2 protein chains.
Amino acid sequence: MLSAIMEDYLKAIYYLQGETDERVRTSTLAEHMGVEQPSVTSMVKKLAKRDFVHYEPYKGVVLTDTGIPVALEIIRHHRLLERYLTERLEYDWAEVHDEADRLEHHISNQFADRIAEQLGNPAVDPHGDPIPTADLDVSPPQSGETLADQQVGDKVRIERVPDNDPDLLRYLSEHGITPTTVVEIVETTSFGMVTLDPDGTDERVALPEEVARSITAQTLTGASN
Amino acid sequence: MLSAIMEDYLKAIYYLQGETDERVRTSTLAEHMGVEQPSVTSMVKKLAKRDFVHYEPYKGVVLTDTGIPVALEIIRHHRLLERYLTERLEYDWAEVHDEADRLEHHISNQFADRIAEQLGNPAVDPHGDPIPTADLDVSPPQSGETLADQQVGDKVRIERVPDNDPDLLRYLSEHGITPTTVVEIVETTSFGMVTLDPDGTDERVALPEEVARSITAQTLTGASN
DNA sequence: TTATAAACTTAGTCCCGTCTAATTTCGCTC
DNA sequence: GAGCGAAATTAGACGGGACTAAGTTTATAA
């Protein structure tokens, strides 16, 4: 058996190595988990002893073939819960993350399978992240392009938004920006501001480049490339 | 904040003092929690320091006015989950206990309120136990009579069955005994066996007196009293 | 009223997951 | 290739929750 904390570490490693497909450094993991570095070192040793990660001192960790499915299972739970909470229990987009983050460790796979079935085995969660299937296949990464990569005049379809910042999510939904929304890039500035025009509206929505880079989108038309 | 373990202790104390309305002894609690006595002593001291229980060494514990609502909240979560799992997620009567026992500590009150609403604020769980309301009112204890208190020839309506023995629950449901079922007592023996005839059927269902005493029932007709 | 068994508590240990402080290693620059 | 700052690890401690072994207290019975 695996503690909820250990599952959280594995999930974090999965996300962090996913971005780079490289070894995850102790410091990165510490920051992501909100703990100090020595805590990470000691946990990582435990995970290595149980063969969930490859650990090389001073070099970082990577998930093993044993660790990956554990992380994917948790991610499946999380994303199914987010979907279920919004779709069946009237939770708001912005509220689901914390509840899902706790429950993901405590629901059985049976529970996950049942809610998946009720929802018709959805492919993505409310933020556009792909939901691993019951046998832990996960959709290929989306386009990889973000709102920050676009040029003025491009029209793009929003693919996914980060799920862990309630304020941002509230802001986005208030301005009609959700996965599948189509937006046009109306302005980018040298000082890091991206301005959008959601679909047919006249409204202008401005986002810091930092945020724009965390929102992935699929190019539909325009001058990019 | 309160750990899941502490919540479990408070819940256990609630159940145990409920049966006797007296101080709960260390040994009783130890057996119920599946731990050794010293573990109970040390936990009980922590709970007392935080004012969830009154603790008098060598005398036992009672919940305080601070402790009671905590226990009731957990019980509300548990029973709502049992109901939700059977009614909305196709869980079997016999399967729900363990899942509910884990999740009860991790769902928010918001989650509980939402599933209560979805279910139409049910008064009882699938085993017939009353579900505390959102403001933690709990229905008065039922008749208090059990199947073991009946006389041959009595007809009774099953009120509640214990929720924590899957084998027993499977056996009961296979033989058509669930809360609200009407049964007739057809035989009681000096060596502790009670035989029932569920409703109009001809089937005989035998139960050890020990088990009969754990099933409460409301007398409809007959010679008892 | 005292002896004794059962119940309870205290003492001390262990593992988990965290921390701070101190040390070691890495990797880069000169 | 020597020195230096950043990153990582080791050392040691702590609170949570459990355990075993060793004392106390209580209650019961003679």
Side-chain angles (χ1 to χ4, degrees), chain A residues 1-14 16-17 19-20 22-63 66-67 70-71 74 101-102 104-106, chain B residues 1-14 16-17 19-20 22-63 66-67 70-71 74 101-102 104-106:
Chain A
M1 267 308 80
L2 218 49
S3 71
I5 300 280
M6 283 180 164
E7 290 180 350
D8 267 335
Y9 274 93
L10 294 178
K11 185 175 64 153
I13 296 166
Y14 181 89
L16 295 170
Q17 84 179 34
E19 285 166 14
T20 63
E22 268 307 318
R23 281 196 273 245
V24 178
R25 323 195 115 271
T26 302
S27 50
T28 315
L29 204 38
E31 188 190 8
H32 196 267
M33 294 293 298
V35 299
E36 299 301 318
Q37 289 192 10
S39 310
V40 172
T41 302
S42 92
M43 176 57 81
V44 145
K45 283 180 176 176
K46 283 174 206 158
L47 292 173
K49 188 174 295 179
R50 297 174 65 176
D51 201 39
F52 292 112
V53 298
H54 288 305
Y55 167 54
E56 209 169 337
Y58 297 100
K59 298 290 176 51
V61 289
V62 196
L63 292 178
T66 311
V70 176
I74 302 300
D101 241 17
R102 266 179 295 115
E104 62 184 6
H105 305 292
H106 304 288
Chain B
M1 268 306 80
L2 218 47
S3 71
I5 300 281
M6 284 179 162
E7 289 180 350
D8 268 333
Y9 273 93
L10 294 178
K11 185 174 66 153
I13 295 167
Y14 181 88
L16 296 170
Q17 85 179 32
E19 284 166 14
T20 64
E22 268 308 317
R23 283 195 272 246
V24 179
R25 322 196 114 269
T26 303
S27 51
T28 315
L29 203 39
E31 188 188 9
H32 196 268
M33 294 295 296
V35 300
E36 298 301 318
Q37 289 191 13
S39 311
V40 172
T41 302
S42 92
M43 176 56 82
V44 146
K45 282 179 176 174
K46 282 173 206 160
L47 292 173
K49 187 175 296 180
R50 296 174 66 176
D51 201 40
F52 292 114
V53 299
H54 289 303
Y55 168 54
E56 209 170 337
Y58 297 100
K59 297 292 175 50
V61 288
V62 196
L63 291 178
T66 312
V70 176
I74 302 299
D101 241 16
R102 265 178 295 114
E104 62 184 6
H105 305 293
H106 304 289

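The chains referred to below are lettered A, B, ... by the order of the sequence lines, with proteins before strands, and numbering in each begins at 1. Being a predicted model, the structure only gives us computed values, none of them experimental.
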Give the table of side-chain donor-acceptor pairs shorter than 3.5 Å for residues 41-48 of chain B, with sequence neighbours excluded, one pair per line with atom names and distance.
residue : atom : partner : partner atom : Å
B:T41   : OG1  : B:Q37   : O            : 3.4
B:S42   : OG   : B:S39   : O            : 3.4

Requested in this report: Describe the nucleic acid contact of B:S42 in one word from base, sugar-phosphate, nothing, applying a heavy-atom distance below 4.0 Å.
Outcome: nothing

Report task. Return the residues of residues 44-57 of chain B meeting this criterion: a heavy atom under 4.0 Å from some atom of DNA chain C. Order them by number, or give none. Result -> B:K45, B:Y55, B:P57

In whole angstrom, give the distance that lies between atom [atom1] of [X] and atom [atom2] of [N].
X: B:H105; N: D:dG16; atom1: NE2; atom2: P; result: 18 Å
X: A:M1; N: D:dA18; atom1: CE; atom2: P; result: 19 Å
X: B:E36; N: D:dA22; atom1: CD; atom2: C1'; result: 15 Å
X: B:R23; N: C:dA7; atom1: CZ; atom2: C1'; result: 15 Å
X: A:M6; N: C:dG17; atom1: CE; atom2: C1'; result: 9 Å
X: B:L29; N: D:dA18; atom1: CG; atom2: P; result: 11 Å
X: B:I5; N: C:dG17; atom1: CD1; atom2: P; result: 13 Å
X: B:E31; N: D:dA18; atom1: CD; atom2: C1'; result: 18 Å

Polar atom pairs between nucleotides 2-7 of chain D and protein, under 3.5 Å, N or O only, would you list them?
residue : atom : partner : partner atom : Å
D:dA7   : O3'  : A:R25   : NH1          : 3.3

Distance-only donor-acceptor hits, side chain of residues 26-35 of chain A, under 3.5 Å, sequence neighbours excluded:
none

Kindly indicate whether the side chain of [X], heavy atoms from C-beta on, has any atom under 4.5 Å from the side chain of [Y].
X: A:E104; Y: A:E7; result: no
X: B:I74; Y: B:Y14; result: no
X: B:R23; Y: B:H54; result: no
X: A:L63; Y: A:Q17; result: yes
X: A:V53; Y: A:L10; result: yes

Query raised in the report: Looking at residues at least two apart in the chain, or sitting in another chain, which of them share a ring pair (Phe, Tyr, Trp, His ring centres under 6.0 Å) with B:H105?
Result: none

Query raised in the report: Hey, is the side chain of A:S39 poking within less than 4.0 Å of OP1 or OP2 on C:dG17, counting only N and O atoms?
Result: no

**Report entry** Under-4.0 Å side-chain N/O to phosphate OP1/OP2 contact, A:Y9 with C:dT18
**Finding:** yes

Query raised in the report: Mind checking what makes salt bridge (charged side-chain N to carboxylate O under 4.0 Å, His left out) contact with A:R50, not counting sequence neighbours?
Result: none

